[in-house]
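Labels below follow one simple rule: chain letters A, B, ... track the order of the sequence lines, proteins then strands, and each chain is numbered from 1.
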Amino acid sequence: MTGRGLETGDTIAALSTPPGRGGIGIVRISGPDALSIGESLGLQLAERQMVYGWVWDREAREKVDEVLAVYMASPRTYTREDIVEIHGHGGPACLNRILELCLAQGARLAEPGEFTRRAFLNGRIDLAQAESVADLVRARTEGSRKIALAQLEGTLSREVAGVESLLLEAVAVIEGSLDFPDHDEVEEQALTEAMRSLAAARDMLEDLLSEWGRGRVWREGLTVVIAGRPNVGKSSLMNSLLRHQRALVSPVPGTTRDSIEEALDLGGIMVTLVDTAGLTESQDEVERMGVQLAQRWVSRAEVLMVVLDASEGLVESDLEILHQARDQEGLVVWNKMDAATRETPAVPSRWPVVEVSALEGWGLDQLRKALGDIVGESSDREPPVVSSLRHKEALERALGSVISVLEYGSHTPPELAAVDLRNALGAVGEISGISVQEAILDRVFSTFCVGK
Amino acid sequence: MKGHDYDVIVVGAGHAGCEAALAAARMGARILLLTLNLDAVALMPCNPAVGGPGKAHLVHEIDALGGQMALTVDRCWLQIRTLNTRKGPAVRALRAQVDRRLYQMEMLRVLESEPRLTLRQGLVEDVIVEEGRVRGVSTATGLEFRAPSVVLTTGVYLRGRVITGAHSYEAGPGGQVPSLALSTSLRELGLALGRFKTGTPPRVDGRTVDTSKMTRQPGDEEPRAFSFLSPLEHRPQLDCYLTKTTPRTHEIIRRNLHLAPLFDGNIQGRGPRYCPSIEDKVVRFPDRISHQIFAEPERRDSKEMYLLGLSTSLPEPVQEEVVRSIPGLERAQIIRPGYAIEYDYVIPSQLDLTLEVKSIQGLFTAGQTNGTSGYEEAAAQGLIAGINAVLGQRGEEPLILTRSEAYIGVLIDDLVTRGVDEPYRMLTSRAEFRLLLRPDNADLRLTRHGHRVGLASPDRLERTTRKERQIQEERQRLETTRVRPEVVNPFLEKVGASHITESRALSELIRRPEVSYDCLEGADPDRPRLDRDVGIQVDIQVKYEGYISKQLEQVERFRRLENKELPMDLDYSSMGGLSNEAREKLEASRPRSVGQAMRIPGVSTGDVSVLLVYLEARRRRGRGP
């Protein structure tokens, strides 16, 4: 246990409306720095006035959301501390971004129930309510812990355990060398080995954090990405599925340069359908960027729809796309069946194959059903995503500590490296709930035959 | 009520008992120190060494508080060595080979020089408790001694059982008389006892050891002292020798595992992971082809050698075979066999942070009795128990060191708050504020506590305060004194550091790893004449400033929760919102602070939130802290 969140005196921030899609959401900041953090987002705050403005990400130099915001000065507030509330309109993604900006400005993510606890500790809530406050605080803390643990089922927990194990390996070597200096075994392995484990831990943490973007998509529905080489009719297919003209279609290969996203209801499951630029080696700068973007979409798609041209059969680049995506889930669509001159060849893929004609509109029901089946299956499985801001923040802290050790490499004085690594383990432990001290000693004693 | 014969009775004259008795006597109390055997005072029945990482830290702290161990070790060492010299100051650690007979004689001399201390042989069988208060002890020979405080430092003697192969007998270490009835007496008083196991290797006759086949391990050329008060002393040092077990050693052990009490069910107690027996090592690490063995001298006037790394309870004939399979020991003669020892310990979560038993006023337990291992761990607890026994009688604030100010604080908090599931040994990795709790600054951290309780003299406090001030002033000067490149570059070159091109503050240069405070002396004409110790502190503080200030921030956060006191009369059972497990644990252990409560296994962050709410409610009702 770390005790973060049991302190008062610092500034905390959190979403104070339930997560998910809603009309508006509120980010609440409480503590001595609330006002300066609010102002640093570009808001012209005035006491007890609802002001209109834009939240800015100064670093990225872009507007984040159009908001209403209010500043309430201590002590006449819910927590008796300075409070700033930002009412955003842009849905969960924008709200999370606003919250992240607050954290970047020095706020700490509030623990569940912390606003209420502060309200009570600062004398705002009546003494008679003490018991109910205690119950509430506990329910929130435990409830959120359970949710966090439930989120940890599956791949993410394995990934976090993997990071933890690598960190422990490194720490064990270092702590072993500090506490048992006479043991040749420990000395031999020393820091170089620890550094290898750490580099691996860094890579895993970076991978996990890169999933953060994908985690958002996850919360907002599964992503189905339409991919294939140029001019196989991906955009036509998208339009047919959406039953309206959303994407620009033309017989010219490379018409779609940007990627187009649309929401689609597949038998009750909301998915985001993404039409991408044709995967090809283009000379055109704009089209090349489109292709890069398409490739990124392909690599992070939960479900992939690879479109083939029945009038041309399988060509080399089709095989390449299929090979590239072989570990993902998806289906193969033969389009332009109206123009096919012979039977479609066998496709080297374990995915289901559907034959359609987007032009004439047949085969689309089978496609919808096949897609629905895959999506239904996939939505039962949780991908290894970091979907909670709390997790993300903890993993970022861990990564920061690991990087600061790696910067000095094996020249780091080991007792200093140990400080950073304990911080890293502590951060990861906030997700997994391990007790750092015991875990370290267990690892030291199981790794090394130390002692007299 | 009868009158008191003494102010404090200490039961057991091992390392914990000696410190407890000396501290209490020096604080002005009348002490009775009872021991099973007057010839076994301050015995080192396992390896004749003091110090090493974590343990040396404890010894320096004992010294800073006004304890005895460091001073006595400084007079009795056979060899002295600093470990971890290539690592930072926080983990550098002195380790001394000690003449174990001389150590006993020295400690006896010190005990006998205390006018208020009575040393007496006697086997304590009963602790006398009336109305929840300790009243004294009674002995097997029918004597009764009365005192308002009793400190139990009975070590591994409680229902001790020594095992070598199939042979076992009730005994303390080295065949001493065990204490059988006292265990029963403690149980009857309602104390829960656990059972641990530890062990020791065979000793051999040094004349039969061929050291030419081993690696010589000499002591340091510049010996350092454990005590801040001891002068640096050169004296002839004895060598230790390093050898290794062979594949044949392991084969002999495997072949005889069925005779090992550790594996045939004859030993039940839980042993320490950091001190496994050789048979345990061979079983648990089957891939290792050899294990290190150190041959260490035990006394200056005897040839007996200790074989560190070869702890075992195999039958003695097997031990003989094992020893002789090791290079340099082919003709070695065992003169004492290795053995395992099982013993009762008091489950330490029944204690307060003062080391007083929560349920019995005036009864303290310290040392191996509390489930620790090691002379240093024992001495540290003995010192604290002795001090608190006297402070309690005086009605003064007890001495409770926190995790952020001393290893002793870490030790006692770990024992009391987290409990033990193997004999507890101090390690530097147990201290979360390791960079702050260094051996070199134990005096700066603890002298004022030693002075407050009356163990460190005013003169000693004054010297420490002066040192503190000098460090402060010198650091200030280094921040503000700039040097020009042409002045300092030759000195930087000497230590292989890169040149500077414009004037820099001295402190900035010292922050470089290869540059030390000392090596810049020639470029720093205004440097005041300071003690070497002050220079060392300045160097460390400047160099590690970044990390030290990070740790200080953590300490600040830690303190906030540590300072939130939990009143002893809190009614946890009526607190809605606590989990059942937390309620039981809190009810049983009655932590002193929110910080301590957080460290109790089974108490979650949610539970702590609830505690904070109740504390506030109580405060507002005007009854709380």
Inset, instruction - Using non-hydrogen atoms and a 4.5 Å limit, figure out which bit of B:Leu435 sits close to chain A: side chain, backbone, both or neither. - result: side chain

Legend entry - Close side-chain approach of B:Arg434 and A:Leu178, heavy atoms under 4.5 Å: yes

Inset, instruction - Kindly indicate whether the side chain of B:Leu615, heavy atoms from C-beta on, has any atom under 4.5 Å from the side chain of A:Leu121. - result: no

Inset, instruction - Give a yes or no on whether a salt bridge exists between B:Arg430 and A:Asp179, defined as a side-chain N under 4.0 angstrom from a carboxylate O. - result: no

Legend entry - A:Leu416 side chain reached by B:Lys550 side chain, heavy atoms, under 4.5 Å: no

Inset, instruction - Using non-hydrogen atoms and a 4.5 Å limit, figure out which bit of B:Phe294 sits close to chain A: side chain, backbone, both or neither. - result: side chain

Legend entry - Partner residues of B:Asp413 under the salt bridge (charged side-chain N to carboxylate O under 4.0 Å, His left out) criterion, sequence neighbours left out: B:Arg403, B:Arg599

Legend entry - Closest contact, heavy atoms only, A:Pro181 versus B:Lys87: CB-NZ, 4.4 Å

Inset, instruction - Taking the side chain as every heavy atom from C-beta outward, state whether A:Glu114 and B:Ser609 have any pair of such atoms under 4.5 Å apart. - result: no

Inset, instruction - Identify which part of A:Asp442 has an atom lying under 4.5 Å from any heavy atom of chain B, answering side chain, backbone, both or neither. - result: both

Legend entry - Within-4.5 Å side-chain heavy-atom neighbours: B:Leu83 and A:Phe180: no

Legend entry - Residue B:Leu552 excluded, over 12 heavy atoms near CG under 6.0 Å: yes

Inset, instruction - Check whether more than 12 heavy atoms from other residues, nucleotides or ligands sit under 6.0 Å from atom CZ of A:Arg76, and answer yes or no. - result: no

Inset, instruction - For A:Phe115, enumerate each residue passing the ring pair (Phe, Tyr, Trp, His ring centres under 6.0 Å) test, keeping only those at least two apart in sequence or located in another chain. - result: none

Legend entry - A:Arg422 to B:Ser429 - nearest heavy-atom pair and separation: NH2-O, 2.8 Å

Legend entry - Any donor-acceptor pair under 3.5 Å from A:Glu415 side chain to B:Val91 backbone: no

Legend entry - Closest heavy-atom pair and its distance - A:Phe120, B:Val613: CE2-O, 3.1 Å

